[in-house]
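Okay, structure first, notes after.
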Amino acid sequence: MQKIYIAGHRGMVGGAILRRLEARRAAGEGLTLITRTHAELDLTNQAAVRDFMQSEKPDVVILAAAKVGGIHANNTYPADFIYQNLMIECNVIHQAFAAGVTRLLQLGSSCIYPRAVQQPMKEDALLTGVLEPTNEPYAVAKIAGIKLCESYNRQHGTDYRSVMPTNLYGPGDNFHPENSHVLPALIRRFHEAAQAGEDEVQIWGSGKPRREFLHVDDMAEASLFVLDLDRETYDANTQPMLSHINVGTGTDVSIMELAQMVAKVTGFEGRITNDPSKPDGTLRKLMDVSRLADMGWRASVDLEKGLQETYGWFIDNQYAIRD
Ligand SMILES: NC(=O)C1=CN([C@@H]2O[C@H](COP(=O)(O)OP(=O)(O)OC[C@H]3O[C@@H](n4cnc5c(N)ncnc54)[C@H](OP(=O)(O)O)[C@@H]3O)[C@@H](O)[C@H]2O)C=CC1
Ligand SMILES: C[C@H]1O[C@H](OP(=O)(O)OP(=O)(O)OC[C@H]2O[C@@H](n3cnc4c(=O)[nH]c(N)nc43)[C@H](O)[C@@H]2O)[C@@H](O)[C@@H](O)C1=O
């Protein structure tokens, strides 16, 4: 019987991972799944995390809890993003080690890479240049998460792994009008404009930046794929000081193209205009996903289909708006 702690199980990604693990358990796999809500266990609290890890002693930890948000939230609350994410990572990773956890998977982000890096971004581009200023504090914390895992592996022989997702979306996303990521923000704005019969919707920035969008079910599947790899395979495909694995689709769209897709899905037929007072952020973020593809995993959810499904989820859960 394997005991797995999923940190952040009420979030978009943690929730999708939990659903997959529950399905495995229902199919007969010997799994004990441990969860705590934020209210039950604040992961920025070192003593609380220590007591929890020591009493539960999980075999495996999946770290999908983090302070998460889009370009505006990152730019507006930089102290929250760096402080909370560093604390969560330090507490969970160190206390997991202290409690004897041998395998851990932590989720980083594509924003760890330099803003002007060669595209698509390979894992070895890490720490080769200047970060994007709108999310540098969050990115620094995410880089620290990778380095924490690598350092415990090198000093203590643990098997702590890191996956770096591209921009994610899907059921359970945060549709807050300012603090969310672009895809859920546009679903909400275009839906509301279509319902109100408005003839114009503004998107932030120039619409020219390019982003890659991965469905959360693909992300959950990739996370468990990486977690399940035997140690020899993981180590053979990574390096001790370059141990993270990109997760993405390998294709991107411009923000204006995304807006046009969202307009179609939500039935908005008016004009799409730009708000140049809002930042563009990184001009392009496209993952090189060959490391994961070489090991046998590829994304399968098509963006158009994923958008339709996510819009359906939004319609059914319109009041599940966070913050
Ligand atoms: N969404 C995206 O586009 C991307 C996400 N990622 C990464 O994927 C991971 C999951 O993100 P996602 O599911 O989208 O984020 P969500 O915001 O949906 O989920 C994060 C979860 O973490 C919990 N959490 C936050 N702070 C604490 C805390 N101090 N103690 C306990 N729980 C806490 C939240 O609980 P509560 O809501 O109650 O605070 C929430 O349930 C994160 O590491 C994120 O950085 C990476 C790239 C892109
Ligand atoms: C996943 C990643 O997410 C964040 O980085 P980002 O990719 O820049 O995130 P974003 O989704 O918020 O924006 C993408 C693009 O879209 C444009 N855009 C248009 N209209 C809206 C809009 O209405 N909302 C938002 N949020 N963006 C909009 C926006 O101006 C930008 O050009 C990181 O901070 C960090 O958290 C991280 O790792």
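On a predicted model such as this, the values are computed, not experimentally measured, just so you know. Counting starts at 1 for both ligands and their atoms, following the listed order. Excluded from the calculations below are hydrogen atoms, water molecules and symmetry mates; all remaining heavy atoms, backbone and side chain alike, are included.
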Min N/O separation M12 to ligand 1 under 3.5 Å: yes
Is there at least one pair of N or O atoms, one from V182 and one from ligand 2, spaced under 3.5 Å apart? yes
Heavy atoms only: which of A185, S180, G70 lies closest to atom 26 (N) of ligand 2? S180
Any side-chain heavy-atom pair from Y83 and M87 closer than 4.5 angstrom? yes
Does any non-hydrogen side-chain atom of D252 lie less than 4.5 Å from one of R284? yes
What residue and atom, counting heavy atoms only, is the protein's closest point to atom 31 (C) of ligand 2, and at what distance? D280 O, 3.3 Å
Derivation of the ring-ring contact (aromatic ring centres under 6.0 Å, His included) call for Y160 and F97: CA-CA 9 Å; Y160 294 175; F97 162 69; 7.5 Å; no
Under 4.0 Å, heavy-atom basis, I'd like to know which part of V13 is in contact with ligand 1: side chain, backbone, both or neither. both
Any heavy atom of Y138 closer to ligand 1 than 4.0 angstrom? yes
Pick from G108, A141, S223, G170: the one approaching atom 6 (N) of ligand 1 most closely through a non-hydrogen atom: G108
Hey, is ligand 1 close enough to T166 that some N/O pair sits below 3.5 Å? no
Protein contact of atom 34 (O) of ligand 2 - nearest heavy atom, named by residue and atom, plus distance: N74 ND2, 2.9 Å
Which atoms of ligand 1 sit under 4.0 Å from any heavy atom of T44? 29 (N)
N91 side chain near N45 side chain, heavy-atom distance below 4.5 Å: no
Per-residue contact class, R189 against ligand 2 - non-hydrogen pairs under 4.0 Å: side chain
Polar proximity ligand 1 side, H38 side, N/O cut 3.5 Å exclusive: yes
Linked hydrophobic residues, M241 as query - side chain contacts closer than 4.5 Å: none
Sub-3.5 Å N/O-N/O distance, I71 and ligand 2: yes
Check ligand 2 against Y138 and write out every atom of the ligand that is under 4.0 Å from a heavy-atom position of the residue. 35 (C), 36 (O), 37 (C), 38 (O)
Going by heavy atoms, is L63 under 4.0 Å from ligand 1? no
Polar contacts were defined as any N/O atom of the residue lying under 3.5 Å from an N/O atom of the ligand; does this apply to N167 and ligand 2? yes
Can you tell me which residue and heavy atom of the protein come closest to atom 15 (C) of ligand 2, and the distance to 0.1 Å? I255 CD1, 3.7 Å
Side chain or backbone, does K142 bring an N or O within less than 3.5 Å of an N or O on ligand 1? yes
Do ligand 2 and E178 have nitrogen or oxygen atoms that lie under 3.5 Å from each other? no
Nearest non-hydrogen partners of D173 and P184, listed with the distance: OD2-CG, 3.3 Å
Atoms of ligand 1, numbered as shown, that sit under 4.0 Å from any heavy atom of L41: 30 (N), 31 (C)
To which of S109, S110, P137, S254 does the heavy atom nearest atom 38 (O) of ligand 2 belong? S109
Between G170 and V216, the two heavy atoms sitting closest are CA-CG1, 4.0 Å
Measure N135 to ligand 2 on non-hydrogen atoms and call it side chain, backbone, both or neither using the 4.0 Å cut-off. side chain
Tell me whether the count of non-hydrogen atoms from other residues, nucleotides or ligands lying under 6.0 Å of NZ in K122 goes above 12. no
shortest atom 3 (O) of ligand 2-to-protein heavy-atom contact is with H181 CD2, 3.1 Å
If the cut-off is 4.0 Å to any non-hydrogen atom of C111, which atoms of ligand 2 fall inside it? 38 (O)
Using 30° and 60° as the class limits, which term best fits the ring planes of F314 and Y311: parallel, tilted or perpendicular? parallel
Any carboxylate oxygen within less than 4.0 angstrom of a Lys/Arg side-chain nitrogen, looking at R36 and E56? yes
Where the closest heavy atom to atom 29 (C) of ligand 2 is concerned, which of G281, P279, G69 has it? P279
Does Q84 come within less than 4.0 angstrom of ligand 1, counting non-hydrogen atoms of the residue? no
CZ (R231) with more than 12 external heavy atoms under 6.0 Å: yes
Side chain, backbone, both or neither: the part of K278 lying under 4.0 Å from ligand 2 by heavy atom: neither
Answer with side chain, backbone, both or neither: which part of N174 has a heavy atom less than 4.0 angstrom from an atom of ligand 1? neither
Neighbour count >12 (heavy atoms, 6.0 Å) for atom CD, E200: yes
The atoms of ligand 2 lying under 4.0 Å from a heavy atom of P209, numbered in the order shown, are 32 (O)
Within the 4.0 Å heavy-atom cut-off, what F81 brings close to ligand 1 is neither
Taking only heavy atoms of D42 into account, list the atoms of ligand 1 that are under 4.0 Å away from them. 28 (C), 29 (N), 30 (N)
Are a donor atom and an acceptor atom from the side chains of T158 and N153 found within less than 3.5 Å of each other? yes
E304/K264 ion pair, N-O < 4.0 Å: yes
Suppose I only count heavy atoms of A64 and a 4.0 Å limit; which atoms of ligand 1 are within that range? 9 (C), 10 (C), 20 (C)
Salt-bridge contact R19-E22 (side-chain N to carboxylate O under 4.0 Å): no
N or O pair under 3.5 Å between V68 and ligand 1: no
Below 30° counts as parallel, above 60° as perpendicular, anything between as tilted: where do the rings of W313 and F175 land? parallel
Classify the contact between R211 and ligand 2 as side chain, backbone, both or neither, using a heavy-atom distance cut-off of under 4.0 Å. side chain
Parallel under 30°, tilted from 30 to 60°, perpendicular over 60°: which one fits the rings of F81 and Y138? perpendicular
Enumerate the atoms of ligand 2 whose separation from the nearest heavy atom of K285 is less than 4.0 angstrom. 2 (C), 5 (O), 6 (P), 7 (O)
Among G70, G11, A65, which one has a heavy atom closest to atom 19 (O) of ligand 1? G11
Element-labelled atoms of ligand 1 that are located less than 4.0 Å from some non-hydrogen atom of R10: 41 (O)
With D228 as reference, evaluate R20, R24, R103 under the salt bridge (charged side-chain N to carboxylate O under 4.0 Å, His left out) test and give the passing residue. R24
Shortest non-hydrogen pair, Q2 vs V60, comes out as NE2-CG2, 3.5 Å
Tell me the protein heavy atom at minimum distance from atom 22 (C) of ligand 2, and give that distance in Å. W204 CD2, 3.5 Å
Evaluate the salt bridge (charged side-chain N to carboxylate O under 4.0 Å, His left out) criterion for residues R188 and E192: first the C-alpha distance (whole Å), next the side-chain angles of each, then the deciding distance (0.1 Å), finally the verdict. CA-CA 6 Å; R188 180 173 177 177; E192 289 177 352; 3.0 Å; yes
Specify the closest pair of heavy atoms between R291 and L242, including all atoms of both residues, with the distance to one decimal. NH1-O, 3.1 Å
